[in-house]
Amino acid sequence: QLITYSCRLPPEVELLSLNAIVKQMAEKFTMLFGNSLARGDFRIDIQLEAHDALVMVDAQQIETAVLRLLQWIHRRVGVGTLTIRTSNQIGKVRLCLMDDGPALREEEKQQLFEPFQGIDPEIPDLGLALAHGIIRQAQGIIHVQTSSQGTELSIDLPLASTEAST
């Protein structure tokens, strides 16, 4: 996956439902966060509101990007609730990843998607930079909002034209 991204190989795009992608990933969420979920100190709330929202994406790449973002949230927060919500917007579909942890400092927010930035300065992390690159390659944008109520990473992807895909 990193080789595909770094070499800028063309993604293998297909017409997919964002809700279906999130549903397929639900099992991986359990594998990733199994111990925290079993103890009850970390909870995932999935809200699929993007009805009939189709996107042209490389499913494996989008899954990789979202999993990298979720891993970052889990490492950052550790305890609490992660809400994953899809919603329809005008001309796009939004995937929101919201935690209820502490706010990011402004300098953290500014450097969030820089290579080798991570939770622990001793452990370089490419995960967020990789996720950001994948989302951009899919013609998407990531927005970051943070407050004392938590941090929200919103991924906007363009809605697919069903005529263009046939």
- prompt: Do Thr64 and Ile134 come close enough that some side-chain heavy atom pair is under 4.5 Å?
  reply: yes

query: Listed by chain and number, what are the salt bridge (charged side-chain N to carboxylate O under 4.0 Å, His left out) partners of Glu12, not counting sequence neighbours?
result: none

query: How long is the span from the CD1 atom in Ile84 to the CD1 atom in Ile73, to the nearest 0.5 Å?
result: 8.0 Å

Atom pair CD/CG of Glu63 and Leu16 - distance to nearest 0.5 Å: 11.0 Å

- request: Answer yes or no: is there a side-chain heavy-atom contact under 4.5 Å between Leu82 and Val77?
  value: no

query: Can you tell me if Gln89 and Ser87 form a side-chain donor-acceptor pair at under 3.5 Å?
result: yes

task: Spell out, yes or no, whether Val57 and Ile142 are grouped together once hydrophobic residues are joined by side-chain heavy atoms under 4.5 Å, including indirect joins.
output: yes

query: Any side-chain heavy atom of Arg43 sitting closer than 4.5 Å to one from Asp45?
result: yes

task: Compare every heavy atom of Thr151 with every heavy atom of Pro102, then report the nearest pair and how far apart it is.
output: O-OG1, 3.8 Å

- prompt: Do Lys28 and Leu67 have side-chain heavy atoms sitting under 4.5 Å apart?
  reply: yes

Lys23 NZ: over 12 foreign heavy atoms closer than 6.0 Å: no

field: Asp156 and His143, any side-chain heavy atoms less than 4.5 Å apart
entry: yes

- line: Closest non-hydrogen contact found for Ala103 with Ser148 is CB-N, 4.1 Å

- line: Interatomic distance, CG@Leu15 vs CG@Leu54, rounded to 0.5 Å, equals 4.5 Å

- request: Decide yes or no for Gln61 and Gln137: does some side-chain heavy atom of the first lie under 4.5 Å from some side-chain heavy atom of the second?
  value: yes

task: For residues Arg76 and Gly101, report the shortest heavy-atom separation together with the two atoms involved.
output: NH2-C, 4.4 Å

- prompt: Shortest non-hydrogen contact from Val13 to Met56?
  reply: CG2-CE, 4.0 Å

message: Quick check on the hydrophobic clustering: are Leu70 and Trp72 connected, directly or via other members, by side-chain heavy-atom contacts under 4.5 Å?
response: yes

message: Tell me whether Leu95 shares a hydrophobic cluster with Leu112, the cluster being built from Ile, Leu, Val, Met, Phe, Trp, Tyr side chains joined at under 4.5 Å.
response: yes

query: Side chains of Ile155 and Leu69: closer than 4.5 Å at any heavy-atom pair?
result: yes

- prompt: Rounded to the nearest 0.5 Å, how far does OG1 of Thr86 lie from CD1 of Ile46?
  reply: 10.0 Å

query: Are Val22 and Ile135 linked, directly or through other ILVMFWY residues, by side chains that come within less than 4.5 angstrom of each other?
result: yes

query: Would you say Met25 and Ile21 make side-chain contact, with heavy atoms under 4.5 Å?
result: yes

- prompt: If you look at every heavy atom in Cys96 and Ser154, which pair is closest and at what distance?
  reply: SG-OG, 3.4 Å

message: For a quick check under 3.5 Å, do Arg105 and Thr146 share a side-chain donor-acceptor pair by atom type?
response: no

message: To the closest 0.5 Å, what do you measure between CZ (Arg85) and CD (Gln47)?
response: 4.5 Å

task: Name all pairs fulfilling the ring pair (Phe, Tyr, Trp, His ring centres under 6.0 Å) condition that reach into residues 36-68, sequence neighbours left out, sorted by first residue then second.
output: Phe33-Phe42, Phe42-His74

Any donor-acceptor N/O pair, Asn19 side chain to Ala50 backbone, under 3.5 Å: yes

task: Calculate, to the nearest 0.5 Å, the distance between atoms NE2 and CD1 belonging to His132 and Ile141 respectively.
output: 9.0 Å

query: Of all heavy-atom pairs between Asp100 and Gly80, which one has the smallest distance, and what is that distance?
result: OD1-CA, 3.5 Å

query: Is Ile44 reachable from Val79 through a run of hydrophobic residues whose side-chain heavy atoms are each under 4.5 Å from the next?
result: no

